[in-house]
Engineer: 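Input: one structure, supplied below.
All ligand and atom numbering here is 1-based and tracks the order in the structure.
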Amino acid sequence: MSEPRVAMPLDLSLDPQSALPVDFIGGTTAVCDAVLRLRGEALAQELGRLARDLLGSPDGRYVPGPGLVEPGLSPAGVLRCAVTAGIEQFGWYEVSGPASYGDDAQRRLGSLAHLTASLMQMHALAQRSTHAYAQMEAQLAHQSQILDQIHESVLTMDQMGYITSWNRGAEALFGYSALEAIGRNILFLYADEDESVNDSFAEQGGRMMEVRRRKKSGDVFWASLSLSPLRDLADRPTGLIAYLTDITERKRAEEQLHHLAYYDELTGLPNRTLFARLVDQGLTVAQRNDGMGAVLFVDLNRFKRINDTLGRRIGDELLRQAAQRFRDTLREEDVVARLGGDEFAVGLFDFRQHFEATTVAQKLQAALDAPFMIGGHDLRVGASIGISVFPQDGGDAETLLGLADIAMERAKATDADPDRSVAFYSQDMNKGMQERMRIESGLRHALGNGELVLYWQPKFEIASGRIVGAEALVRWIHPQRGIVPPGEFIPLAESSGLIVQVGEWVLEQACAQAAIWQRAGLAPFRLAVNVSAREFTAALPVRVADTLARYGLDPSWLELEITESTLMHDFERVTGIMDRITALGVALSLDDFGTGYSSLSYLKRFPIHTLKIDRSFTTGIPKDASDCAIAGTIISMARQLCLRVIAEGVETLDQLEFLREAGCDEVQGYLYAAPLPAYEFERGLRENWLLVG
Ligand code: C2E
Ligand code: MG
Ligand code: MG
């Protein structure tokens, strides 16, 4: 569209030399009238008439159009004058009649021509811009019609992000009318607060992106957004024009595709491809933390027979349910995938000892123990499991999966009971595992067979030298190996879950012993029982209350030693359990203190009575300066918190002296007595201990 030319100021003032006579005022009006109202021949006729009147000539006419170049060359008796404005010539006047015209006549005709030209120019300009304006309006209406027809939503905004236009597509997409949207800042449509207008973008020009926006209804959707800069006539940026299309459907399709590519349709578990990716990621993290990883290859036993005889529908349902049981058995951070057929894989990360993977394998097998009730059938499947370990066996998911597969085949082939068969790829680990399994089954046997006994180690108050308590320490009297120390079987019992039965047995025995001493008329002293993190559940306070009641035992006879690792779990849950225990009148002490991460402020929040300085610090006293400093700090910290403090593992008088000086309340250690069987402990009670000081 051509721009309307900017109108030049019109010079309507007449040259005084060529001023029209006063009586021509009427004529001037007539010229104006003619130029404004008349066109073509009628205009020429009228102007010719005016020229004749002005000069009193019988002949005179107005000739429209260019052509008269040299007014001076008119023949005698003819007077001509061009009607020009600037470089534009509209036409000319020509009068004749008298033999010749004087200067005066020439001036008059010049003035008329000048007036005519000025009027014509003004009229032309006015018409041209009226026309241009009308054209522009039509074009705008047309454009907004097009914008409204476009299915896409189109909106414009100024440089600050304030919306300046909003088409029907935008109304349909967002649910806001133009009235509601125009004038508001574009940010009100954003779904995520952290998104913001990219300023530099406006200069860069168009680009497509995928964004999330919010509708009036509150629904959030995905849109493809393309922005281009808006500029004014001088090419300065004035804002942005945005085109948005709803791509929620496409996104959903993409997600579906992603799901198809990475998940097993039947069970909803990750497939082999995703498994490999997730395991590789997990291994990277494990490596950073100096942790281990493991891949378990799980193969279902007897599945093929069920599938072949009962049909695919039953087989599929069995796989679905088995997958669900696996998922329920594992922790959130473990990865479980279906590789295909009746094969599954599990990825475990960030554990410290490879036998932890065996425990998981056994749990997976145990998850299949209960029969599957499908279509009226009572179906039983088991699993053979092979394990490969990172970093020892391999560094990536595919390698580990291959080795775990080999281990699984070996397990299935060599084990008497395939449903309990677990094997590591590495032979060394296998040996270790077999050893552990031997201990574990031995321990189960020991529990039922009376091979566990409690030893007792006394605790003394430094100031009075009196015995104030005793710690129950479990021993396994193995028929072949003799006394097995707890360090060899407690961690294993913890990882296999057997610790719960062991713990129940210890609490029972300790209370039975306390009841005997209570009946014998001894003043109460606290019998301390060690409790593992695994035992520290809501069932514990109930069990403690029940056992105390059964033995008719005063609760001041009992104390539970917990470790810092117990406190590291869910705070609300742990304090809830602690509160219920202390409410019974049973004391709590924090064992192995200093080896965990407990801070002062952290400790204040727990209902603990005693801090037990770990033996590793006592050992260095008084030679090791840092051990001394740590022990000293723990003692003064305990005092500030109004907690009692006891040092374990005290073997020398020097240690005792240091602890006494530092303000420690109690001690426990070989200096006084090693853990002793009950009858020896009783002898100590009768003969020695009140004397030590
Ligand atoms: P703990 O609770 O810190 O027990 C203190 C350990 O230090 C005991 O080892 C004890 O025999 C030993 N000890 C005591 N005084 C001295 C000393 O002067 N010098 C030296 N070198 N050692 C001393 P034990 O009996 O082998 O127990 C080891 C750990 O086994 C215990 O550490 C405890 O964590 C666990 N434990 C023992 N019995 C049980 C139990 O019944 N249940 C649970 N959950 N854990 C138990
Ligand atoms: Mg202890
Ligand atoms: Mg300890």
Engineer: Do F460 and F525 pass the ring pair (Phe, Tyr, Trp, His ring centres under 6.0 Å) test, and can you show the C-alpha distance, the side-chain angles, and the key distance before you say yes or no?
Structural biologist: CA-CA 10 Å; F460 296 90; F525 58 97; over 10 Å; no
Engineer: Do T618 and Q655 have side-chain N/O donor and acceptor atoms under 3.5 Å apart?
Structural biologist: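 No, no side-chain donor-acceptor contact under 3.5 Å.
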Engineer: Tell me which N, O or S atom from E471 is the closest to the Mg ion (ligand 2).
Structural biologist: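 E471's closest N, O or S atom to the Mg ion (ligand 2) is named OE2.
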Engineer: Which atoms form the tightest heavy-atom contact between V650 and L656, and what is the distance?
Structural biologist: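 Scanning both residues completely, I find the closest heavy atoms to be CG1-N, 4.2 Å.
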Engineer: So is E535 close enough to ligand 1, meaning a heavy atom under 4.0 angstrom away?
Structural biologist: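 Under 4.0 Å: yes for E535.
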Engineer: Can you sort out which atoms of ligand 1 are near E651, meaning under 4.0 Å from one of its heavy atoms?
Structural biologist: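 Per the distance check, 17 (C), 18 (O), 19 (N), 20 (C), 21 (N).
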Engineer: Counting only heavy atoms closer than 4.0 Å, does ligand 1 sit against the backbone of T563, its side chain, both, or neither?
Structural biologist: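 The answer is neither.
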Engineer: So, does G487 sit close enough to ligand 1 that a heavy atom of it is under 4.0 Å from the ligand?
Structural biologist: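 Contact absent.
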Engineer: Hey, looking at atom 13 (N) of ligand 1, which of E561, R615, E471 has the closest heavy atom?
Structural biologist: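 Among E561, R615, E471, the closest heavy atom to atom 13 (N) of ligand 1 comes from R615.
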Engineer: What I want to check is whether the side chains of S616 and D614 have a donor and an acceptor closer together than 3.5 Å.
Structural biologist: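 Present: a donor and an acceptor within the cut-off.
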Engineer: Just let me know how N530 lines up against ligand 1, side chain, backbone, both or neither, with a heavy-atom cut-off below 4.0 Å.
Structural biologist: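 For N530, the contact with ligand 1 is made by both the backbone and the side chain.
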Engineer: Going by the atom numbers of ligand 1, which of them fall below 4.0 Å from some non-hydrogen atom of P675?
Structural biologist: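 Heavy-atom distances to P675 below 4.0 Å select 11 (O).
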Engineer: Heavy-atom distances under 4.0 Å are what count here, so tell me which part of V529 touches ligand 1: side chain, backbone, both or neither.
Structural biologist: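 The answer is neither; V529 stays 4.0 Å or more away.
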Engineer: What about W456 and Y679, are their ring centers closer than 6.0 Å?
Structural biologist: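 No, the ring of W456 stays outside the 6.0 Å limit from the ring of Y679, centre to centre.
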Engineer: Side chains of D654 and T652: any donor to acceptor distance under 3.5 Å?
Structural biologist: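 No.
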Engineer: Only heavy atoms of V474, strictly under 4.0 Å: list the atoms of ligand 1 that pass.
Structural biologist: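 By the 4.0 Å cutoff, the relevant atoms are 38 (N), 39 (C), 40 (C), 41 (O).
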Engineer: Once rounded to 10°, what is the value of the angle centred on the Mg ion (ligand 2) between D591 OD2 and E561 OE1?
Structural biologist: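 With the Mg ion (ligand 2) as the vertex, the angle is close to 90°.
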Engineer: Does any N/O atom on D592 come nearer than 3.5 Å to any N/O atom on ligand 1?
Structural biologist: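 Indeed, backbone or side chain, D592 has an N or O that close.
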Engineer: Against heavy atoms of P486, which atoms of ligand 1 measure under 4.0 Å?
Structural biologist: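 Reading through ligand 1 atom by atom, the close ones are 24 (P), 25 (O), 26 (O), 27 (O), 28 (C), 30 (O), 37 (C).
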Engineer: With a cut-off of 4.0 Å, which atoms of ligand 1 are near a heavy atom of S532?
Structural biologist: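 Heavy-atom distances to S532 below 4.0 Å select 44 (N).
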Engineer: Of M408, R410, E409, which is the lone residue that meets side chain to side chain contact (heavy atoms under 4.5 Å, CB included) with I406?
Structural biologist: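 Exactly one pass, corresponding to R410.
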Engineer: Enumerate the atoms of ligand 1 whose separation from the nearest heavy atom of G669 is less than 4.0 angstrom.
Structural biologist: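 Checking each atom against G669, I get 15 (N), 18 (O).
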Engineer: Would you please determine whether G649 falls within less than 4.0 Å of ligand 1 on a heavy-atom basis?
Structural biologist: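 Yes, G649 has a heavy atom closer than 4.0 Å to ligand 1.
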Engineer: Compute whether any side-chain donor of one residue and acceptor of the other, for S589 and E559, lie under 3.5 angstrom apart.
Structural biologist: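 S589 vs E559: donor-acceptor pair found between side chains.
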Engineer: Please check if the distance between the ring centroids of F571 and F606 is under 6.0 Å.
Structural biologist: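 Yes.
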Engineer: Counting heavy atoms only, which part of R475 comes closer than 4.0 Å to ligand 1: side chain, backbone, both or neither?
Structural biologist: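 Side chain only.
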Engineer: Run the contact test for E648 against ligand 1 with a 4.0 Å cut-off on heavy atoms, strictly below, and give the result.
Structural biologist: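 Contact check E648 vs ligand 1: positive.
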Engineer: Is it true that Y455 and E471 share a donor-acceptor pair across their side chains at a distance under 3.5 Å?
Structural biologist: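 No pair is found: no donor N or O on one side chain lies under 3.5 Å from an acceptor on the other.
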Engineer: Give a yes-or-no answer on whether the side chains of Q365 and D419 include a donor-acceptor pair shorter than 3.5 Å.
Structural biologist: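 No pair is found: no donor N or O on one side chain lies under 3.5 Å from an acceptor on the other.
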